[in-house]
Amino acid sequence: MKIRFNPSEFEQHWAEVWHKEKTYLTHNPQPGQEKNFTLVMFPYPSGAGLHTGHARVYTGTDVLARFYRMQGKAVLHPMGWDAFGLPAENAAIKEKKNPNELTQHNVANFKRQMNKLGISYDWDREINTTDPEYYAVTQWLFIEFFKHGLLYKKETPVYYCPHCKTGLAQEEVQGDGTHERCGNAVEKRNLPQWIFRITSYADKLIDGLQNLDWPSGILEMQKNWIGKKDGLNIDYPVQETSETITCFTTRPETNFGATFVVLAPEHPFVQKLTSGAVKIKDKALEKPLMEYVAAALRKTERERLAEEKKKTGVFTGFYAENRLNGKLLPIWISDFVLAQVGTGAVVGVPGHDTRDFEFAHTFNLPVTRVVTDGDADESLIVSAAQVYEGDKGTVINSDFLNGMDLSKALEAIIKHHEEKGWGTRATSYHLRDWIFSRQRYWGEPIPMVYCDACAKNGISFWDTKEGEEQSLRLNKAPRPHNLRQLIADVQPLMVGWFPLATEQLPLTLPAVKSYEPTDTGESPLTQVEGWKDTQCPHCKGAAVRETDTMPNWAGSCWYFLAFASKPALGKVKTDGKPWRDGDLLAWMPVDWYIGGAEHAVLHLLYARFWMHVLYDLNLVPFYEPFTRLRNVGMVLAEDNRKMSKSLGNVINPDDVIAEYGADTLRIYEMFMAPFNQEVTWSTQSLQGAYRFLRRIWQLHNNSDKVAKGDEKSTKELAVELQKVIKKITQDIPNVKFNTPIASMMEFVNMWERSGNVLSKGDAMVFLQLLAPFAPFVTEHIWRSIYAQASSIHNSKWPKINEHLLVDTTILIPVQVNGKVRDTISVAVDADEEVVIAAALASEKVAKWIQDKAPKHIYIPGRILNFIV
RNA sequence: GCCGGGGUGGCGAAAUGGUAGACGCGCACGCUUCAGAAGCGUGUGUCGCAAGACAUGGAGGUUCGAGUCCUCUCUCCGGCACCA
């Protein structure tokens, strides 16, 4: 008798039962119990609802959580909403809705869909970054960072998105010069911005990578993004002035080959020339110089990129002295030199740097060879192809360096400069400080106040009583970093700026009708009547609030702490921090962090940075938040393109669940390919998952295949089941979800085709193995057919019966000259002679050996190879 | 240019240096059905009637034995990039 398999008849029911029974409630680890914090990167709740990519990453993480829960570990598997930020606000503007209401609405929809998918979240720990209680803590942390000199405000050239009308961080600008969120071209603008001094943590952020179990690609990306390079800052006196130009170089050993110096248009010496502070002697040079600099400064990032590396520039008429050999180096200005890199000034060595060569070639500057690479070629360099940039070779034409190999020369020349006082060791980073202001409404208001009167009196936070007390505390800080120096740096810039007191938090986002961004570089909060005006926390006079908001990355920098320990500002008074150390010690760091690779240098870098700082401030007991990171691959539409509304190729999980059930969707998404790999959706392949579940359903509903009484499983099935337990128990912690499903399918094929009966106990064990992947149908069978009182998801993960796995006979493939000719069956403990005799007795083998006396190689229990 | 990750049947893919293609999709034939769908069964890398030979992007190498290790090379995907 066939029974219909219709998951929609029971899935909803069990979702409700789990909710009622609190099946997935978090229990703090008991003494001796291992903890497991399994976390998926929390979503921004978009209006489109869950897509198949969400379903994939949440299911994979859920499999891990369910597996560890059944293994008896204390599991924390929470979910929350990263709801501040541009996408939510832009969507709200488009639909002319209030972003707060829209967010609430989308969250409800996401949650409904996640429950339908059967993801085992503990909803008691749900958080939302836009909740005032939550962002009160984000603001409190901002203030902590400010007080320790890690944040300051300054007018500076920043990336600016004219579409989103806000400043951006370097990390938010993509390789093609577009904004990571909206895809529009980014410009540069001078704007007063809050700046987070992430570069002061560059070294710690590199060192911290060492012990992380992350995909190597992500580790490399972070390392390259921080981009640490050691080199030398060399000082060059400018002839006939009292000026000095400092050039950063990573190749000082080639410095005898220097023939010119190039400055970025933004370089201070250039500013002195254009302002007249330093007089240009040759009047003929003045006009072209002024024009070139003005044009370069006007150019947008895009225009600079578009010019395809053609070298342009102007001569200043000044010369710098290379004190190594007394040569005078003409000083040029060119926009190929970037102000933010190194010192914004480059010493040109055209013989051994292609860009320098191109510049020298364009302006007929001399080229000198100072290195030979192995083949002892000392010829003149006249084409770019001859420029040798490698680090293996011998130095020539370089006085005391002559004959040294490059690595030895590097040390020698650095020492020489240091001894003479001509230069100092320096480090350059690709990483830039983090622009932390957004001129937008939908974000955490920055909890700072500016007082003009105090500013005029030169008073900063560190001049107040509280600031002084905090300064004293720094002396006792267990992990001081270089915070004293950081504070000293920012103090003069930050006169007049004061943080809100903890009691004044949260500084709530005012409810307004109109919140559209302005094009003035000012936040819409400036338009809100009366919101801006406040009292100076120090002098109590009239003062104004900061009107910029924080970027959407702020809330996600610490949300995992909120899952581990419910945050509340009230705890600051008693504990000195908004969470409990005990809770953090119990759960942090995150054991499994699962998400897409697109956050490699955004969220993952920012969150690490915050934790390193909080550790130094003694606010958290660890500094690397994510022990293990695993990436999930994208799910492409059936046409191999990204799913998108405009292409009309989106698969909605709701539709799939309605037709096939959530378990089918889960099994399919786990089975289709390795978890970290990109996959293409196939509705046809989805059927395979449905068929698999239906067969299981029917096997359990059909009394022929499962013992009614105490009958035992046949030996063959019992052994096979043990192998499946072993395989799945090994594969899940390796984030291999496709192969466990394959092995369960194999087992089902065997079970079905053998016509044999499985004992009730073994049938239940099989259900347990499937439970993390297909929680609904397994629970339904477990409770309705096997009449279990409590959930399969809190049952104990099956143990392997090693005893059953010991074979008595084994199959040995027999090769002749490396080609398999037969397979023989021998006792597991058979001696080599016995195996060989058995192999030689095989006709198939004998045929290939004939009369020759073969040599052989026998790997006990594995393979036998005859060599003829 | 630099840094990562891939290339295995018609397709998605499996494979601690030890029987390449498990498992799934698709396809073919058969059973079932008034018919179709669904289901069930058998087969399915290529060439070959078969014996067998050839097959993991390409070329070499190490090994009794290589998809797996080494060298070179082609190609696709991601990241960074006038970074001094």
*Which part of the nucleic acid does A/Pro674 contact within heavy-atom distance under 4.0 Å: base, sugar-phosphate only, or nothing?*
sugar-phosphate
Per the O4'-C1'-N9-C4 / O4'-C1'-N1-C2 angle with a 90° window around 0, B/G9 comes out syn
Answer yes or no: is there a side-chain heavy-atom contact under 4.5 Å between A/Trp225 and A/Leu431? yes
Closest to the side chain of A/Trp848, out of B/A84, B/C3, B/G52, is B/G52
Taking B/A13, B/A15, B/G79 as options, the one with an atom nearest any side-chain atom of A/Asn738 is B/A13
_For B/G39 and A/Arg694 - does any side-chain N or O of the residue sit under 4.0 Å from the phosphate oxygens OP1/OP2?_
yes
Among B/A84, B/G41, B/G5, the one nearest any side-chain atom of A/Ser216 is B/G5
Closest non-hydrogen contact found for A/His179 with A/Gln174 is O-NE2, 3.7 Å
The residue, A/Thr823 or A/Asn749, whose nearest nucleotide of RNA chain B is more 5′ is A/Thr823
Out of B/C23, B/A14, B/G39, minimum distance to the side chain of A/Phe671 belongs to B/C23
How is A/Thr739 classified with respect to the nucleic acid when contacts are heavy atoms under 4.0 Å: base, sugar-phosphate, or nothing? sugar-phosphate
task = Verify whether one side chain among A/Thr246 and A/Asn233 offers a donor that lies under 3.5 Å from an acceptor in the other.
result = no
(message) Using a 4.0 Å heavy-atom cut-off, does A/Ser428 contact any base of the nucleic acid, only the sugar-phosphate backbone, or nothing at all?
(response) nothing
A/Phe675 CZ to B/A13 P, in whole Å, measures 15 Å
Side-chain atoms of A/Val346 come closest, of B/A84, B/A53, B/U19, to B/A84
Original post:
Which is true for A/Ile867 with a 4.0 Å heavy-atom rule: it touches a base, it touches only sugar-phosphate, or it touches nothing?
Top reply: sugar-phosphate
Partner of B/G26 under the Watson-Crick or G-U wobble criteria, both distances under 3.5 Å, comes out as B/U44
Practice problem: Could you tell me whether A/Lys228 contacts a base, only the sugar-phosphate backbone, or nothing, with contacts defined as non-hydrogen atoms closer than 4.0 Å? | Solution: nothing
Answer for the Watson-Crick or wobble partner of B/G39, both distances under 3.5 Å, is B/C31
Side-chain atoms of A/Arg821 come closest, of B/A84, B/G41, B/A53, to B/A53
Worksheet entry | P atoms of B/G52 and B/G57, separation to the nearest Å | 27 Å
Any base atoms under 4.0 Å from A/Lys819, or only sugar-phosphate, or nothing? Heavy atoms, all strands. sugar-phosphate
Answer for the Watson-Crick or wobble partner of B/G67, both distances under 3.5 Å, is none
Next on the checklist: Between A/Trp751 and A/His700, is the ring centroid distance below 6.0 Å?
Outcome noted: yes
### Query
Hey, does A/Asn865 reach any base, or is it just sugar-phosphate, or nothing, if we go heavy atoms under 4.0 Å?
base
Checking B/C3, B/A14, B/C25 against the side chain of A/Glu220 (C-beta onward), the nearest is B/C3
| query | So what does A/Lys844 touch, heavy atoms closer than 4.0 Å: a base, only the sugar-phosphate, or nothing? | reply | nothing
Considering only heavy side-chain atoms of A/Gln815, the closest of B/G18, B/A53, B/A81 is B/G18
_Side-chain donor/acceptor of A/Lys855 to base of B/C64, under 3.5 Å_ = no
Practice problem: May I ask you to evaluate whether A/Arg691 reaches the phosphate of B/G24, defined as a side-chain N or O under 4.0 Å from OP1 or OP2? | Solution: no
#### Entry: Pair of N/O donor and acceptor under 3.5 Å linking B/U16 base with A/Arg862 side chain
yes
Side-chain atoms of A/Gln684 come closest, of B/G18, B/A84, B/G26, to B/G26
If pairing means Watson-Crick or G-U wobble with both distances under 3.5 Å, then the partner of B/G1 is B/C80
Determine whether the aromatic ring centres of residues A/Trp681 and A/Tyr668 are separated by less than 6.0 angstrom.
yes
message = OP1 or OP2 of B/A84 versus the side-chain N and O atoms of A/Lys229: is any pair under 4.0 Å?
response = yes
Margin query: Between A/Glu752 and A/Arg695 (salt bridge meaning N to carboxylate O under 4.0 Å), is one present in this structure?
Written below: yes
Closer than 4.0 Å, any side-chain N/O of A/His430 to the OP1 or OP2 of B/A81? yes
side-chain contact (heavy atoms from CB on, under 4.5 Å) test vs A/Phe675 passes for just one of A/Asn734, A/Asn631, A/Ile594, A/Val63, namely A/Ile594
Between CE of A/Met672 and P of B/A14 the distance, given in whole Å, is 13 Å
As its Watson-Crick or G-U partner within any shown strand, both distances under 3.5 Å, B/U62 has none
